[in-house]
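Have a look at the structure below before the remarks.
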Amino acid sequence: MNDILKRIVERLRDYRVPGYYKKFDYHWTMVVDLDRCNGCEACVVACQAENNTPVVGEKECGKGRALNWIRIEKYVEGEYPNVKVKFIPIMCQQCDKAPCEIGCPVYATYHNQDGLNVQVYNRCVGTFTCATYCPYDVRRFNWFTYKREKPLDEQLNPDVTVREMGVMEKCTFCIQRIRVAKDRAKDEKRDIKDGEVIPACVQTCPTGALTFGDLNDPGSMVSKMVRDPRKYRMLEELNADPSVIYLKRVMEEGSGEGGDEEKS
Amino acid sequence: MEEGTNTKFTYREVNEDLINFMTKTGPRYYIILAVVAASAVTLFFLPWAYQIYVGQGVTGLNAPVYWGVYLVNFVFWVGIAHAGTLISAMLYITKTPWRRAIARGAETMTLFAIVVVSLFVFAHMGRPWNLYWTLPYPSHRQLWTNFMSPIVFDVFAIGTYLTSSAIFLYFGMIPDLASLKHNATGWRKKLYTILSLGWRGTDKQWLVQARATMFFSSFIMPLVVSVHSVVSWDFALSIVPGYSKTIFAPYFVTGALLSGFAGVVLMLSVIRWSFPVFRKYITETHYDRMGMMIFFLSLVWSYLTAIEVLTGFYADNTFEWESIKYKILTTPSMQLFMLMIFSNTLLPLVLMVRKVRSCASSMSAVCSFVLVGMWLERYLIVPNALSRKFLPWMWRDYCPSWVEVSITAGAILFFVTMFMVSIKIFPLVSLFEVKEDAGIPMEKEGH
Amino acid sequence: MRTSVLGLFKYVDLLLSASGKLKGEGYSVTIISPVPLVHEIEHVEGEKKSFLRYFTLFGGISGFAFGMVLSLGTSALYVMPRGGRPIFSITPFLLISYETTILLGVIMSLLGFFAIAGLPYFKGLPHFKGEVECPEAAIDSFGLLIEDAGDDKLDYVEKTLKECGASEVRRVEAQ
């Protein structure tokens with residue numbers, strides 16, 4: 001009897017822990033080195049190829065409905081020939097205290113034990129609450145049933161679903177690749193090694209600006225990179241606790257910027 | 001005994017006026033009803049079917065403005081619904097006499113406004129055929145709803161509000177239907193006999209009816225405050241700069257009462273203008289009192305708008321300031337903001353004059369402007385704040401498409417259709433309360 | 001077939017004095033009116049408490065419990081962490097319980113109202129005790145119904161009603 005009571009009390013205490021997980025299985029983190037990003041947008045194309053995101057067309061893009069999970073934000077300063085352009089690749093920050101997760105009424109987005117903010121496509125009802133609550137505006141919506149002209153429909157990745165009209169989607173850190181690696185590691189009764197999981201954008205980046213890995217693993221590349229003094233997280237003051245860490249771009253002499261939007 | 005507002009008619013006259021109004025319907029009424037119903041179907045249901053088939057892309061929504069005119073309408077109609085409940089429930093508790101003639105009409109308006117609200121919840125979703133997933137029911141996957149989400153608070157609040165309003169409306173009608181069944185003939189008599197459930201009007205029944213009305217009113221009054229607060233928390237619980245303000249709950253509730261009262265006045269004016277028999281029951285005193293309420297509410301609303309802008313500006317938060325700058329200093333928001341201030345703050349100041357308050361036509365004009373202003377207020381909050389979120393790369397304007405405009409207009413017509421059908425079947429004026437208002441006949445005065 | 005006496009009054013104070021007199025003599029008196037006379041009756045006979053408040057209280061408490069069990073229980077049933085908040089968070093669940101308190105309170109009050117008022121009251125239902133057809137009392141007159149007076153007392157009752165100022169006195173057969 002005492003045992004059962006103790007178990008119940010322990011369970012209740014667990015339910016009061018913010019975020020419920022005391023430790024993630026793997027804390028997947030992406031480190032973006034802004035010194036290396038040159039704005040080529042190869043990551044955008046790779047993501048589109050890997051994750052079966054549709055091509056919406058020029059007219060819809062003009063209306064602001066481009067369906068790319070990762071975007072390169074360009075902030076241009078100055079006049080020609082003294083132009084400074086800053087590039088920031090922004091994908092879903094997989095916040096540990098995600099505002100989007102609390103907004104969804106049907107649990108179509110929640111936090112899993114890998115520290116990822118997962119989106120469940122078949123549960124999504126399309127209330128748009130998550131997209132409105134997201135401070136980084138990384139969520140994208142399937143406004144129509146997008147057609148894929150031949151032969152582009154043969155390009156689809158069989159590991160990833162094609163989303164229906166009316167469903168919200170966003171960057172998943174290529175969870176299909178994480179799944180495959182986790183399955184393989186489980187079969188071989190070991191943990192995932194560093195460098196075994198590479199999302200499409202990380203794989204394609206020509207300058208190596210993107211690095212992906214497990215923050216829980218002290219020997220991984222990302223654990224070493226986050227010790228860099230240049231590190232910061234976007235919109236830190238909102239306390240969303242994102243898992244994407246940016247390394248500040250070191251500007252040349254005489255630039256003299258400061259302030260929030262200038263960090264690049 | 002409280003002073004009645006009207007003593008110029010007999011009890012029998014009340015019954016006969018109501019039954020004549022409901023049964024004697026000329027062809028002109030049917031024609032207007034048919035036109036309104038057809039327009040409602042063409043403007044509301046057909047574009048909505050098109051939208052369900054093709055997708056939400058037919059609206060003007062984009063990233064980042066994911067909430068547009070549908071949610072503006074949603075908040076607006078919930079606001080309209082609130083005044084009805086305020087009049088029937090809150091003014092009952094305060095024992096206000098002038099509430100009696102208008103309570104039933106206002107409650108009917110509430111019920112139909114909540115029906116329109118449910119339709120707008122449906123309309124704004126990406127996959128509306130799965131709407132029932134937001135309700136807590138035991139599915140075979142053991143998946144319930146996320147009770148932390150403000151949308152689920154909405155579901156509960158508006159569901160409770162719909163149920164309570166329907167119950168309150170029906171419950172209040174039972175004595176009236178029992179009374180009217182003696183005047184009615186044919187299918188009406190059968191309908192009223194069944195719906196009045198055999199109400200006899202004995203003293204025991206009236207006692208429990210009075211107690212039950214007091215309980216319903218005491219429950220519904222905090223419900224009204226909580227429903228619109230919950231709707232405002234859809235926005236206030238986010239971290240979007242223009243949304244996350246703690247003032248939202250009182251601000252929205254005040255705005256709801258203001259727009260709702262304006263809606264009630266407009267509705268009563270239309271009824272009085274079309275059917276002169278109601279001028280006996282809804283008199284200048286009612287307009288005078290409602291004008292006072294609207295004046296008072298517009299003052300409170302103006303104060304809350306001012307402090308919303310002022311505290312946002314004073315905080316010197318970059319994001320908040322961008323949001324305010326976009327709302328007040330950028331075309332076209334600037335013009336809409338000025339129109340809103342004119343309609344809601346400056347124009348109701350004329351209600352200080354008693355002559356303006358008591359006259360139905362001037363009150364209707366003021367209230368139409370107030371309704372427009374209140375719709376604009378919701379528009380300047382919901383899609384506007386989303387245009388200026390945190391990251392400047394994602395700043396984008398929003399313009400409603402023809403589907404959204406058509407559905408907005410169609411919703412109004414649908415509401416009018418429902419109202420026009422219901423006033424011919426169910427009594428628009430609460431008979432027993434109006435009779436009570438006229439005075440209980442005593443042989444010796446001074447009771 | 002029971003015979004009852006129905007007296008129609010135009011003025012309520014006369015009705016109340018007749019009612020007081022006949023109640024004092026032990027007859028079962030029912031006042032039928034088109035408007036609530038709760039205030040006037042309480043003025044004469046004192047404040048009455050209704051049984052309805054127990055229904056409402058039960059509804060409120062069960063509603064609160066239902067809301068708490070629903071939100072806390074279903075969160076624990078299928079644990080899905082969201083937003084870095086605890087599974088059992090107090091504020092949203094209190095809000096849900098507030099709404100269900102009102103919902104069940106209203107529904108229970110309605111059911112209590114039906115139970116105490118004896119509605120629905122139709123022929124063929126078990127609690128149906130007879131209905132007196134009297135349209136005037138539903139529209140503009142006030143009726144005083146004396147049932148089960150006993151056949152010998154009917155004349156006396158009719159006389160008393162006429163003395164107290166009834167505008168019309170009838171003998172009715174309850175169906």
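Here the structure is a predicted model, which means the values were calculated and not measured. Chain letters run A, B, ... following the sequence lines, proteins first, then strands; residues in each count from 1.
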**OP:** To the nearest 0.5 angstrom, please state how far the CZ atom of Arg396(B) sits from the NZ atom of Lys63(A).
**Re:** 12.5 Å
**OP:** Residue by residue, scan residues 153-166 of chain B and write down, ordered by number, those that have a heavy-atom distance under 4.5 Å to chain A; if none do, write 'none'.
**Re:** none
**OP:** Find the distance between CG (Asn239(A)) and CD1 (Ile239(B)) and round it off to the nearest 0.5 Å.
**Re:** 9.0 Å
Subject >> Aromatic ring pairing Tyr133(A)/Trp67(B), orientation class (parallel under 30°, perpendicular over 60°, tilted between) >> reply: perpendicular
Subject >> Ile52(B) portion near chain A, given a 4.5 angstrom heavy-atom threshold >> reply: backbone
Original post:
Can you tell which of Ile102(A), Val167(A), Asn142(A) has the highest number of heavy-atom pairs within less than 4.5 Å of chain B?
Top reply: Ile102(A)
Original post:
Given a strict heavy-atom distance threshold of 4.5 Å, which part of Phe141(A) is in contact with chain B: side chain, backbone, both, or neither?
Top reply: both
Original post:
With only heavy atoms counted, which part of Leu67(A) is less than 4.5 Å from chain B, the side chain, the backbone, both or neither?
Top reply: neither
Subject >> Side-chain (Lys389(B)) to main-chain (Cys134(A)) donor-acceptor, under 3.5 angstrom >> reply: yes
Subject >> Arg71(A) side chain to Trp393(B) backbone, donor-acceptor under 3.5 Å >> reply: no
Subject >> Contacting region of Pro135(A) [heavy-atom separation from chain B under 4.5 Å] >> reply: both
Subject >> Spacing of Arg140(A) atom CZ and Tyr66(B) atom OH [to the nearest 0.5 Å] >> reply: 5.0 Å
Original post:
So which heavy atom on Val54(B) is nearest to which on Met165(A), and how close?
Top reply: O-SD, 3.2 Å
**OP:** Name the region of Glu60(A), side chain, backbone, both or neither, that has any atom closer than 4.5 Å to a heavy atom of chain B.
**Re:** neither
